[in-house]
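A short write-up of the structure that comes next.
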Amino acid sequence: MTLWQAFLIALVVALAYLARRILGDPQLERPIILGPAVGLIAGDLETGLIVGGTLELIFIGAATFGGTAPPNVAIGAAVGTALAISAGQGAETALVAAVPAAVLGTFCELFAKTVCSFLVHRADAAAAQARGRTILGIIWIGNAIHFLAYFVPTFLVLQFGANALEGVLNALSDDVQNALNTSAALLPAVGFGILLSVLYNKALFPVFFAGFAVAAFTDFTVIGVAIIATALVVTILRNRTPQTPSSPQSSALI
Amino acid sequence: MTLWQAFLIALVVALAYLARRILGDPQLERPIILGPAVGLIAGDLETGLIVGGTLELIFIGAATFGGTAPPNVAIGAAVGTALAISAGQGAETALVAAVPAAVLGTFCELFAKTVCSFLVHRADAAAAQARGRTILGIIWIGNAIHFLAYFVPTFLVLQFGANALEGVLNALSDDVQNALNTSAALLPAVGFGILLSVLYNKALFPVFFAGFAVAAFTDFTVIGVAIIATALVVTILRNRTPQTPSSPQSSALI
Amino acid sequence: MTLWQAFLIALVVALAYLARRILGDPQLERPIILGPAVGLIAGDLETGLIVGGTLELIFIGAATFGGTAPPNVAIGAAVGTALAISAGQGAETALVAAVPAAVLGTFCELFAKTVCSFLVHRADAAAAQARGRTILGIIWIGNAIHFLAYFVPTFLVLQFGANALEGVLNALSDDVQNALNTSAALLPAVGFGILLSVLYNKALFPVFFAGFAVAAFTDFTVIGVAIIATALVVTILRNRTPQTPSSPQSSALI
Amino acid sequence: MTENSSNTATAVLERPDEQNREIRRLTIRGLLLQGGFNYERFQNLGFWWMMRPTLDRLYPDPVDRAAAYQRHMVYFNTNPWVVGPIAGVTASMEEQRAKGATDLNDEAINSVKVGLMAPLAGIGDSLIFGTIRPILAAVCAGLAIDGNIAGPIIFFLALLAIQVLMRVGGTATGYRTGMQFFEKLSPAQIDQIKRGATIVGLAVTGALVATMLKVTTPWTYTSGEQTIALQDQLDLVLPALLPLIATLIVYSLIRRRVSPVWVLLGTLVVGLVLGYFGILG
Amino acid sequence: MTENSSNTATAVLERPDEQNREIRRLTIRGLLLQGGFNYERFQNLGFWWMMRPTLDRLYPDPVDRAAAYQRHMVYFNTNPWVVGPIAGVTASMEEQRAKGATDLNDEAINSVKVGLMAPLAGIGDSLIFGTIRPILAAVCAGLAIDGNIAGPIIFFLALLAIQVLMRVGGTATGYRTGMQFFEKLSPAQIDQIKRGATIVGLAVTGALVATMLKVTTPWTYTSGEQTIALQDQLDLVLPALLPLIATLIVYSLIRRRVSPVWVLLGTLVVGLVLGYFGILG
Amino acid sequence: MTENSSNTATAVLERPDEQNREIRRLTIRGLLLQGGFNYERFQNLGFWWMMRPTLDRLYPDPVDRAAAYQRHMVYFNTNPWVVGPIAGVTASMEEQRAKGATDLNDEAINSVKVGLMAPLAGIGDSLIFGTIRPILAAVCAGLAIDGNIAGPIIFFLALLAIQVLMRVGGTATGYRTGMQFFEKLSPAQIDQIKRGATIVGLAVTGALVATMLKVTTPWTYTSGEQTIALQDQLDLVLPALLPLIATLIVYSLIRRRVSPVWVLLGTLVVGLVLGYFGILG
Ligand SMILES: OC[C@H]1O[C@H](O)[C@@H](O)[C@@H](O)[C@@H]1O
Ligand SMILES: OC[C@H]1O[C@H](O)[C@@H](O)[C@@H](O)[C@@H]1O
Ligand SMILES: OC[C@H]1O[C@H](O)[C@@H](O)[C@@H](O)[C@@H]1O
């Protein structure tokens, strides 16, 4: 991992996150995007794809609702991919690096967002004087803070973490290798568990088990389940008795 | 194809259609019936079965709603089967003959039905004088016209089309053979597409995708899907809230 | 089959039934429990398990609703298992003994329950004098009668039926063996048929066909169907419009 | 053959055996319903034929009879397998009027007849042409393509049995319940039966597309050193995707009122072209 | 063992620990509910046994006590696993009355008891005998037939756990909520729970028939030069068709009130005959 | 770039091309909605940025303008992809007021804005983060893990297409229908859309767990002379049981408000330990 590569990767991570703020949230910071991107920079697209796809599943439910900060997928994905490639290892070992890096990243993100809470008071003052240009400046200061909060830690970890990780990985026994594989296999449960809690609705929760059973017992794929669930939901909604405003309780029906 | 065979086949086609008018519409004109019948006459029941079954799928949705004239399945099936047998070819090549013949047959059918529209005015006159016998005569004149409108073109095509088709088929290259196969494989889409438009109902349309997904992803057959769909529909209908006449809007529920 | 084994088995059967009366109906008299228990006593646990499991399916729907007496699963299971083991035969031949024994047992059970109907009048008299101890005595007399009604016939059949059955079985031709196998294969239909009539509900009956179709056409197991049916039922119930007491007809909806 | 049964003027059928004969006659005559089919008034002549003996019996006077004949010359159209209830109700109402039900004037009878014809056409068409026949066709075509003669035989016999049941049961029910039949079958219920049939039909059509339509592509592409078949990739995403697309294209053309005849020819040509160039096949 | 707890006349249980002991006693005594089962009044003696300590405590006077005993000699029957709520409610109402609730006369208490017994029997029977036990039986029988001792063990333990939960939870809920329990569980809700259990039970029974019943035919027929196995043809149309038919025949016999005992013997004989002649097998 | 379009005081946009330009400007500015995100007022600065040209145009006077700016400094938060309708409605209402709709005072406009933001956040979050993105992620991750570059590309393009459609269509709809939009989308309908999305999301999550999570156990045990793999036994009872359990554990931890960050670390460690000792893997 050259200095140049570390710089580029950190730049990509920071820009991907910035796109979330200033380019309409195109989800560029997702591992499935960042993984291959980092792979290209580090010279191993294939590993980038594999690690990106694996991490995407782990973080499949990670989303920011109401501004909450879930594990930082961007920094995790970039660091995991880059170190796996530089250590010449597979997707399993990438996770050893990705998970702690994602946790670290969360703190950086929380830091940046908190700092911006102070800036908003200066915006209040500017608004009271109709000084639009000042408000705009405050917006961009916030963006700059976020950029740095992503760029700096990513760069530092890549610069100084690679050698350390390589040493650790070289010393791994077979048992530890198996431990890594198991962890890699287990981690997507976190993604699915988060997704499940995101979707939580007591009355509808059994649908989760229905979807599970269909896919577990037949050859139905995820797309197949999505098709059939969508078909049934749309049919039910379209054939619902039109709601008269006087009977709001009927809205509980599905 | 002897003159005698052509005559017999044309007779069978015309009678099958006539049964529709005077024997309660027993669906004898469907390819799955006419195919084997023609096969028996032409001396190759097996090919008749195969061609009949293949054409049945292509025309599966073809039905006369409100007197509309869809592709004429009777003439198409008979001509396709007969020429395929006389040319010693399979179901794929039968389609090259069947499809144009069905189109030709549609025009003959439309012609006959239009002619009968004029006859109805003579029936009006007879009714005004309570002359039942005359009305009955008009009914049978209409039947005779329809008989001829089926018999004549079928006979002519069989008599003069066979040699022509044989010549064409003998000259076919492998690529063309592949083209025929592909066309044969694609044509049932027409039947299914027509069937789908027959069943069109915006609110229920997603059920089509549900049925598709179940059969595409599992070993469910058409009968299986029919069983499960019927079971669910009957259950839902039987457990429907009884409709009070004062709340007609509830009838939209399924 | 020693006298001692016959005694022990009859004891187990009678106690298992007694548990139904005095230990809260723990279903110890089911073939899946009694089969292995008898197998242990007769020295062949494996056969006991297999026969018990097979009989459990045959009697799967057999339950006492409102005190009705279905085929007596306890005596049937014990006799079938014991004789199959002592004759050194498999589950199929066990049924030849089990089914008649279960029928015999039904009569014994009916006898015992009928006798108890007379005892209840003596309890009335005791109640009129607040003589609780007497009532309690009557309860236990009833239990004793039931104990004997199970113990005696089981013991007798085991003692005197074994030799007879062995003789019959040794004389069996291949055709008869096949007949036994077929009967064994067919008998669970009785269990399922009874279960079905137990669950009878005209409006919901089509669900039976839905469950059948899902399991017949896919790899869905019984558990899988149970999961998905439960998931859907709970979802529907939880999302039901809350019932207002003034509209009882809505309760028909599912 | 029953022509000369109209011997008594306005003879009302009271005896059960007479009523049964009437029902049988209506059922048998119903076979000819489409015999006079024409593009102006559709099945008017056929329905006249069904009612003729009843009319002749009730209107011996030539003037009355002519009026009755003319009343039945108007447009009539329904699914032929379900004409029974309509004929039964109409004949039964004519009897009622002959018994003295004065509120059953011509218009009343006619409006019931017309009121029943459209909903029953809807039920019949969607149930028979949209659901039952396609299911039978799919199963039996499968047998036939395997060379099994049971295919056409099952197809014919099953449809025949269903038709006989509907015709016999329908006429008798219509005749016996008379106008009450009309009330028993509320518009909402008719709608629900149609919807139910449509649901089954749509699900079955989906299954047909997934199982009976074998449109595949022979294309392959090379990624690195592997040769990947496009069809295999498509199957991973959605099995039977190409059949689904083909069907939806045809469907949307027909929904846009392109004539089925042209769609059929067009599909033939498109299939030939795509097959010739090895894009599909 | 709790016989002598009835020391004080109409002693009302106010303290939580007393109430807990009462609940525990009712729960344990409920195990004997069917101990006095008879064909005239069913579980009346068992229910008396459950209530006895409460009655003894509240009615120290022999005349009152005899009246109380007699009240509980009437017909009583419910599913034994769900007797808890009924006993709980009844005991709690007796306490309320002892506290001075004058509108809780004998008839009121009895009507609540009778009003609960039938719906709870319905819920219990359909849930336990119709749904839970068949599912467990099917799975565990599969294990047992494979020679796996886990089959009976899981069957026993799972049912035991469910029973304990229902008995303990049911008695406590019934006792604590008293009559409100009755109102909380409206007839519509009871009906819905039964319907839900029935739906699951029916679906599972369908799955059982399709997977657990192995009725096949060894027949073959010759078409041209091929020998075709009838079973293979049947499987193409509908897998497990014969098991389905066999089950529906049994089912319809039992629906027509043929005794299960005769159906069982009949099936045995039919199986022997059909197997002997190689029609099934 | 559109800053200087606010040349006329309270210039109302009447011409369609002007309105279209306004819609386009709102749509594009919406991309920066989260640009000023902060933990005190969330997207207030971003929303101000969207409204700025409209405000500048309608309030040329510095005092009015300052008041308008301040009104939009309040808390605002919604799903960024669905901000369109809110901005459209708000801008359109400002126009209406400029045209003379006096009942549209500041509070009215603000309450509509606030009233729309929460429900649309709910719809957007559940539809995009809970349904659409997970489905795409699952499919595309599968491709990516197979080394297929189509994975990320499809993921990116499909999400982009959906976003563009939602932003463009949403803004235009909101702007053109104005306040009626608010009425058209009743709370019950919003709720139903969310429920629908949740149903699909839950079913898909179930399928994800069953197909994408490969947690197995290598344990075996010996029964008699056979060695039985525990995993095979588990598969007989319920395939993918271990993935289901793992997911439900994680889920219940998160429901109990354990931070996802800790759950993630914990799962990493648990996986390492269980794998090291050969319990899972
Ligand atoms: O929950 C609404 C909204 O809140 C915040 O703005 C962010 O977390 C968004 O990602 C989210 O869509
Ligand atoms: O649509 C009702 C009816 O109309 C015409 O009579 C024919 O096309 C029939 O096949 C059809 O059933
Ligand atoms: O039906 C209620 C109840 O009736 C009797 O008491 C017995 O048959 C029980 O098994 C059953 O649960």
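As a basis for the values below, the full set of heavy atoms in this structure was taken, side chains included, without hydrogen atoms, waters or symmetry mates. Each chain gets a letter, A, B and so on, in the order the sequences are listed, and its residues count up from 1.
Atom CZ of B/Phe111 has 12 or fewer neighbouring heavy atoms from other residues, nucleotides or ligands inside a 6.0 Å radius. Counted within 6.0 Å of NZ on B/Lys113, heavy atoms from surrounding residues, nucleotides or ligands total more than 12; the atom is thus considered enclosed.
The candidate with the highest count of non-hydrogen atom pairs below 4.5 Å against chain D, out of B/Ala112, B/Gly52, B/Ser197, B/Gly132, is B/Gly132. Top candidate by heavy-atom pairs under 4.5 Å with chain D, chosen from B/Thr54, B/Asn72, B/Asn181, B/Val115, is B/Thr54. Chain B forms the most heavy-atom pairs under 4.5 Å with one residue out of D/Val270, D/Ile279, D/Leu238, and that residue is D/Leu238. For the set D/Leu265, D/Val83, D/Thr78, D/Val200, the count of heavy-atom pairs under 4.5 angstrom toward chain B peaks at D/Val200. Interface summary for chain D: among B/Ser117, B/Pro206, B/Ala184, the most heavy-atom pairs under 4.5 angstrom belong to B/Ser117. Of the listed residues (B/Val225, B/Val120, B/Ile33, B/Asn143), the one with the most heavy-atom contacts under 4.5 Å to chain D is B/Val120. Options B/Gly142, B/Pro188, B/Ala213 differ in how many heavy-atom pairs under 4.5 Å they form with chain D, and the most are formed by B/Pro188. The candidate from D/Ile149, D/Ile128, D/Val263, D/Leu160 with the greatest count of non-hydrogen atom pairs under 4.5 Å with chain B is D/Ile149. For the set D/Ala210, D/Ala121, D/Ala68, the count of heavy-atom pairs under 4.5 angstrom toward chain B peaks at D/Ala210. Among D/Ala66, D/Gly36, D/Gly46, the residue making the largest number of heavy-atom pairs under 4.5 Å with chain B is D/Ala66. Chain D forms more heavy-atom pairs under 4.5 Å with one residue of B/Asp124, B/Val214, B/Leu28, B/Thr47 than with any other, namely B/Asp124.
Note that B/Arg30 lies outside the cation-pi zone of D/Phe155, set by a 6.0 Å cut-off to the ring centre and a 45° limit from the axis.
Of the two parts of B/Pro36, only the side chain, counted from C-beta on, holds a non-hydrogen atom closer than 4.5 Å to a non-hydrogen atom of chain D. Proximity to chain D is limited to the side chain of B/Thr106, based on heavy atoms less than 4.5 angstrom apart. D/Pro62 touches chain B through its backbone: at least one of N, CA, C or O sits under 4.5 Å from a heavy atom, while the side chain does not. Heavy atoms closer than 4.5 Å to chain D are found nowhere in B/Ile228, neither backbone nor side chain. Looking at B/Ala210, neither its backbone nor its side chain comes within 4.5 Å of chain D, counting heavy atoms on both sides. For a residue to count as touching a neighbouring chain, one of its non-hydrogen atoms must lie under 4.5 Å from one of that chain's; by this rule B/Ile58 touches chain D with the side chain only. Proximity to chain D (any heavy atom under 4.5 Å) is restricted, for B/Leu45, to the side chain, taken from C-beta onward. B/Phe209 touches chain D through its side chain: at least one heavy atom from C-beta onward sits under 4.5 Å away, while N, CA, C and O do not. Both the backbone and the side chain of D/Ala138 have a heavy atom closer than 4.5 Å to some heavy atom of chain B. Both the backbone and the side chain of D/Phe129 come within contact range of chain B, each with at least one heavy atom under 4.5 Å from a heavy atom of that chain. At a 4.5 Å heavy-atom cutoff, the contact between D/Leu248 and chain B is made by side-chain atoms alone. Within the 4.5 angstrom heavy-atom criterion, only side-chain atoms of D/Leu159, from C-beta onward, approach chain B. Both the backbone and the side chain of D/Val209 come within contact range of chain B, each with at least one heavy atom under 4.5 Å from a heavy atom of that chain. When heavy atoms are compared at a cutoff of 4.5 Å, D/Arg71 does not approach chain B at all. Residue contact with chain B, scored on non-hydrogen atoms closer than 4.5 Å, involves the side chain of D/Asn77 exclusively. The part of D/Trp48 that comes within reach of chain B is its side chain, from C-beta onward, which places non-hydrogen atoms under 4.5 angstrom from that chain. Residue contact with chain B, scored on non-hydrogen atoms closer than 4.5 Å, involves the backbone and the side chain of D/Gln70 alike. Heavy atoms of B/Glu46 lying under 4.5 Å from chain D belong exclusively to its side chain. B/Asp25 touches chain D through backbone and side chain together, each having a heavy atom under 4.5 Å away. Only the side chain of D/Asn44 has a heavy atom closer than 4.5 Å to any heavy atom of chain B.
Counting only distance, with no hydrogens or angles, the side chain of B/Ser183 and the backbone of D/Leu272 share a donor-acceptor pair below 3.5 Å. Judged purely by atom type and a 3.5 angstrom limit, D/Thr211 has no side-chain atom pairing as donor or acceptor with the backbone of B/Thr221. B/Asn178 contributes a side-chain N or O that, together with a main-chain N or O of D/Gly275, makes up a donor-acceptor pair within less than 3.5 Å. Judged purely by atom type and a 3.5 angstrom limit, D/Arg167 uses its side chain to pair as donor or acceptor with the backbone of B/Gly24.
Contact of the B/Thr182 side chain with the D/Tyr276 side chain is not registered, since no non-hydrogen atoms from C-beta on lie closer than 4.5 Å. Residues D/Phe37 and B/His146 have side chains not in contact (no heavy-atom distance under 4.5 Å, counting atoms from C-beta outward). By the 4.5 Å heavy-atom criterion applied to side chains, D/Arg65 and B/Arg131 are not counted as neighbours.
The minimum heavy-atom distance linking D/Ala144 with B/Gly53 is given by the pair CB-CA, 4.1 Å. Closest of all the heavy-atom pairs between D/Leu202 and B/Leu204 is CD1-O, 3.3 Å. Across every non-hydrogen atom of B/Gly193 and D/Val250, the tightest pair is CA-CG1, 3.7 Å. Nearest heavy-atom pair across D/Arg133 and B/Gln27 is NH1-OE1, 2.8 Å. Contact detail for D/Leu244 and B/Phe208: the closest heavy-atom pair is CD1-CE2, 3.6 Å. Taking all atoms of both residues into account, the shortest heavy-atom contact from B/Arg20 to D/Gln34 is O-OE1, 3.4 Å.
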Please determine whether side-chain contact (heavy atoms from CB on, under 4.5 Å) holds for the pair D/Thr205 and B/Leu199, giving the CA-CA distance in whole Å, both sets of side-chain angles, and the decisive distance to 0.1 Å.
CA-CA 9 Å; D/Thr205 308; B/Leu199 292 162; 3.4 Å; yes

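We find the CD1-CD1 distance between D/Ile145 and B/Ile50 to be 8.5 Å, quoted to the nearest 0.5 Å. For the atom pair CG of B/Leu57 and SG of D/Cys140, the computed distance is 10.5 Å after rounding to the nearest 0.5 Å. With rounding to the nearest 0.5 Å, the separation of CG in D/Leu208 from CG in B/Leu195 is 7.0 Å. Residue D/Arg195 holds its CZ atom at 6.0 Å from CG of B/Asn201, rounded to the nearest 0.5 Å. Rounding to the nearest 0.5 Å gives a distance of 6.5 Å between CD1 of B/Ile236 and CD1 of D/Ile199. To the nearest 0.5 Å, the span separating CG on D/Leu45 from CD1 on B/Ile135 amounts to 7.0 Å.
With ring centers used as reference points, B/Phe205 lies under 6.0 Å from D/Tyr251.
Residue B/Val190 is tested with D/Thr247, D/Leu264, D/Leu268 for a side-chain contact (heavy atoms from CB on, under 4.5 Å); the sole match is D/Leu264.
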